[in-house]
**Q** 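So that we are looking at the same thing, I have put the structure below in structure tokens.
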Amino acid sequence: MGTKLLCLFLTSAFIAYYIYTPIPEDIEEPWKVMFVSASFRALGHLAEVMDQLGLMHYMEVLTLLASADYVAPTSDENVTVMDTEFSNVAVRLYLPRRAYDGLRRAVLFFHGGGWCLGQAGMKSYDHLTRWTSNMLNAVVVSVNYRLAPKYHFPTQFEDVYSVTKFFLQSSVLSQYGVDPDRVCVAGDSAGGNLAAAVAQQLLEDSEVKTKLRAQALIYPALQSLDLNLPSYQENENKPILSKSLTVKFWSEYFTSDSSLREAMALNRHVPVEYSHLFQFVNWSNLLPAELKKGHVYASPTFGSPELAQKYPGFLDPRAAPLLVSDDRLRGLPLTYVLTCEHDVLRDDGAMYVERLRAVGIPVTHEHAKDAFHGAMTFVLGPAKLAVGQRLFNRYIEWLNENL
Ligand SMILES: *[C@@H]1O[C@H](CO)[C@@H](O)[C@H](O)[C@H]1NC(C)=O
Ligand SMILES: *[C@@H]1O[C@H](CO)[C@@H](O)[C@H](O)[C@H]1NC(C)=O
């Protein structure tokens, strides 16, 4: 009996220890966030074990687990939903059903998941895009771009870019009853990265006549040059995106070769030949004082030239939109950026805001002090969070006023 009790006590203590993570004081519903965070951590550990045992690649385990969250395209009274292909890339389309005289707005949406995970048909994304379509009376194209580890950069970018180019043709816009002056790109996390990269590339593409009206970047990843920004230092283990997972996602975007991941984890992956790029992510100049806090800027540390030769993607602005010069930011459309205080990617977004404003782009910067990475995807079921709904409503309000 004594042994059983002891086992029970030790197991409970272990579970409590495992689940318990200090949640920042200003985060609402801390217990729910703690359980959400522990579930993500547990899935990560499971994936790690399977990977170490050589049974499955880390990201494949997570993909398999995430597939439980899939919903088939289902129309409702407001929106017709269908899976189809644009320019040979899978997309999920949301077409408003309400009768409407004029031309509609459109949102090209790119989901998050570190370029490795996620899809338009995940319950939370399906819900967000369906509501976007319903509330804005807009055509929404949610892109199922191909993912790592099977496909690496630039496939993800090229998929969303070719869908965007296809959709922006005047014949296609008119087929869907879309106003060419009211189209935007939007995305969260890795999807925000893709949206920012697409908006930049369109400026240089003489084949595309239609201009974007806006870009909406929800806690976007915008660079992997410096993975030791103040936000990385402060939020290394915050829900639901740790620094180590961020490094995994970034390196996996370019290659499954673990040497890039290891170098990125040490922030020693950029060779000295590319030192000039650090001016574009110099947080000493680009962050406001309230985000710099007490952090002291140190000069970059450099790595061997081999990685950059083998995997030049991490120096490519199509993967890291912060790495372009000011000239290439001019001409970008009206911009919405959401950053969360408790997010490793916070400073990427904040630096982009600073750089865009410096060249005269109108930017709305929503900084959520009480939120963490991915908060907007918790808008359904038992994991629904008030902060997620609030951030989503804010984003929709902005689109409604500006698109
Ligand atoms: C349809 O739209 C109305 C008004 O926005 C909303 O109240 C209703 O819940 C929507 N129906 C579905 C199935 O989402
Ligand atoms: C970053 O900015 C600081 C302050 O302006 C400056 O001293 C430093 O040389 C810059 N570093 C790089 C790599 O641009």
Side-chain angles (χ1 to χ4, degrees), residues 71-82 92-100 104-105 107 109 120-140 142 222-233 266-303 305 308 314-315 317 320 322-327 329 347-348 350-355 357-359 376-377 379-381 384 388-390 392-397 399-401 403:
V71 281
T74 314
S75 301
D76 63 33
E77 70 213 64
N78 303 314
V79 186
T80 301
V81 183
M82 68 185 87
R92 184 168 284 195
L93 265 184
Y94 298 81
L95 308 172
R97 292 174 85 147
R98 239 174 297 150
Y100 186 63
R104 288 190 164 91
R105 303 183 268 195
V107 178
F109 184 81
M122 270 172 78
K123 276 195 197 105
S124 51
Y125 285 120
D126 182 71
H127 179 79
L128 293 175
T129 39
R130 179 184 299 270
W131 273 94
T132 306
S133 172
N134 186 22
M135 295 173 88
L136 301 176
N137 191 19
V139 172
V140 177
S142 186
L222 296 167
Q223 59 90 30
S224 60
L225 207 68
D226 187 349
L227 298 175
N228 199 34
L229 303 169
S231 56
Y232 274 88
Q233 297 175 37
L266 298 168
N267 211 27
R268 290 220 182 100
H269 48 296
V270 181
V272 70
E273 292 82 355
Y274 292 92
S275 59
H276 62 281
L277 292 177
F278 279 93
Q279 64 181 302
F280 301 132
V281 297
N282 187 341
W283 60 263
S284 172
N285 299 328
L286 296 171
L287 281 186
E290 65 268 24
L291 294 183
K292 272 200 257 185
K293 298 175 189 161
H295 296 278
V296 178
Y297 186 81
S299 300
T301 45
F302 297 104
F314 68 86
L315 303 163
L322 264 167
L323 299 187
V324 297
S325 64
D326 287 355
D327 275 349
L329 296 174
D347 297 346
D348 281 20
M351 291 195 293
Y352 205 43
V353 167
E354 172 61 29
R355 293 205 50 209
R357 283 185 176 154
V359 298
M376 205 194 273
T377 46
V379 285
L380 269 186
K384 179 173 173 156
Q389 191 64 50
R390 200 189 76 222
F392 178 65
N393 293 345
R394 189 57 208 101
Y395 154 77
I396 290 294
E397 213 176 286
L399 286 178
N400 197 30
E401 283 163 14
L403 181 61

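Just follow the structure's listing: the first ligand is 1, and inside any ligand the first atom is 1. As the structure is a computational prediction, the values presented were derived from the model and not from experiment.
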**Q** Do the ring planes of Y297 and W283 sit parallel (below 30°), tilted (30 to 60°) or perpendicular (above 60°)?
**A** perpendicular
**Q** Working note: Y94 + D126, criterion side-chain hydrogen bond (donor to acceptor under 3.5 Å, both in side chains); need CA distance, chi angles, decisive distance, verdict.
**A** CA-CA 9 Å; Y94 298 81; D126 182 71; 2.6 Å; yes
**Q** For the CG atom of D347 and the NZ atom of K292, what is their distance to the nearest 0.5 Å?
**A** 11.0 Å
**Q** Taking atom CZ of F278 as the centre, does the number of heavy atoms from other residues, nucleotides or ligands within less than 6.0 Å exceed 12?
**A** yes
**Q** Among all the protein's heavy atoms, is there at least one whose distance to atom 7 (O) of ligand 2 comes out below 4.0 Å?
**A** no
**Q** Among all protein heavy atoms in this structure, tell me which lies nearest to atom 4 (C) of ligand 1, with the distance rounded to 0.1 Å.
**A** N134 ND2, 4.4 Å
**Q** Among all the protein's non-hydrogen atoms, which is closest to atom 2 (O) of ligand 1, and how far away is it?
**A** N78 ND2, 2.5 Å
**Q** Indicate yes or no: does an N/O atom of W131 lie under 3.5 Å from an N/O atom of ligand 1?
**A** no
**Q** Heavy-atom distance to atom 5 (O) of ligand 2: which of L277, N285, D226 wins?
**A** N285
**Q** For atom 14 (O) of ligand 2, what's the nearest protein heavy-atom neighbour? Residue, atom name and distance, please.
**A** N282 ND2, 3.0 Å
**Q** Would you compute the distance between atom CG of L286 and atom CG of D348 and round it to the nearest 0.5 angstrom?
**A** 11.0 Å
**Q** Measure R130 to ligand 1 on non-hydrogen atoms and call it side chain, backbone, both or neither using the 4.0 Å cut-off.
**A** neither
**Q** So, for L95 and M82, which heavy atoms are closest and what is the spacing to 0.1 Å?
**A** CD1-CE, 3.6 Å
**Q** Go through ligand 2 atom by atom and flag the ones less than 4.0 Å from a non-hydrogen atom of S284.
**A** 2 (O), 3 (C), 4 (C)
